[in-house]
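So the structure is just underneath, and the comments pick up after that.
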Amino acid sequence: MPRKYIVVLILFCITLNAAGFVWKLFEPVLFYDEVAHFITPFTLVLILAEIIYRTGGDDEFFNTPMRAIITGSVIGLLGATGWEGIEVLMSWMGISVSNALPDTIFDVFLGVLGGAAGAWAADRYLDRIFGRSRTNAHQPRVR
């Protein structure tokens, strides 16, 4: 994605998560938690995908759109699971965090969905930048 959009997404994620923690908005505001758990992995996968593309590792992870979505889903799963583990630790430390099992499962699901969407968007955009075919990264883009 263009850098200005990435910067806006990063600032949005930081603001969204910081405001959620500072003013405890995750539970009382409708869909606040859900948006945060989708947008954060979406943004992180976009950034990670661009780093992978620019360092030449896209053949293994983003060769086809389906492989990109699978890679993004796995990144989203790992990130969301790790974050839910941090939420459990925070609740053990006495910090007020909702970590009921249904909430945790849904948050992980949203992380996987956000990661998949981020990988799809990154793959689509980065293939265009590098002038490659959408179905085979080893072939040039056909118009």
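Remember, it's a predicted structure, so these values are computed and weren't measured experimentally. Along the sequence shown, residues are numbered consecutively beginning with 1.
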Legend entry - Crowding at OH, Tyr32 (>12 non-hydrogen neighbours, <6.0 Å): yes
Inset, instruction - Sequence neighbours left out, what passes side chain to side chain contact (heavy atoms under 4.5 Å, CB included) with Ile95? Give chain and number order. - result: Met90, Met93, Val97
Side chains of residues 19-27: which donor-acceptor pairs under 3.5 Å do they make with residues two or more places apart or in other chains?
none

Tell me which donor-acceptor pairs under 3.5 Å the side chains of residues 33-46 have, and how far apart each pair is, sequence neighbours excluded?
| unit_1 | atom_1 | unit_2 | atom_2 | d |
| --- | --- | --- | --- | --- |
| Asp33 | OD1 | His37 | NE2 | 3.1 |
| His37 | NE2 | Asp107 | OD2 | 3.3 |
| Thr40 | OG1 | Asn17 | ND2 | 3.1 |
| Thr40 | OG1 | Ala36 | O | 2.8 |
| Thr43 | OG1 | Ile39 | O | 3.0 |

Does [X] share a hydrophobic cluster with [Y], counting links as ILVMFWY side-chain heavy atoms below 4.5 Å and allowing steps through other members?
X: Leu9; Y: Ile47; value: yes
X: Leu110; Y: Ile86; value: yes
X: Ile75; Y: Val112; value: no
X: Phe106; Y: Trp83; value: yes
X: Trp120; Y: Ile70; value: no

Where is the tightest heavy-atom contact between [X] and [Y], given as atom of each residue plus distance?
X: Ala119; Y: Ala68; result: CB-O, 3.0 Å
X: Asp103; Y: Ser98; result: OD2-O, 3.1 Å
X: Val108; Y: Glu84; result: CG2-CG, 3.8 Å

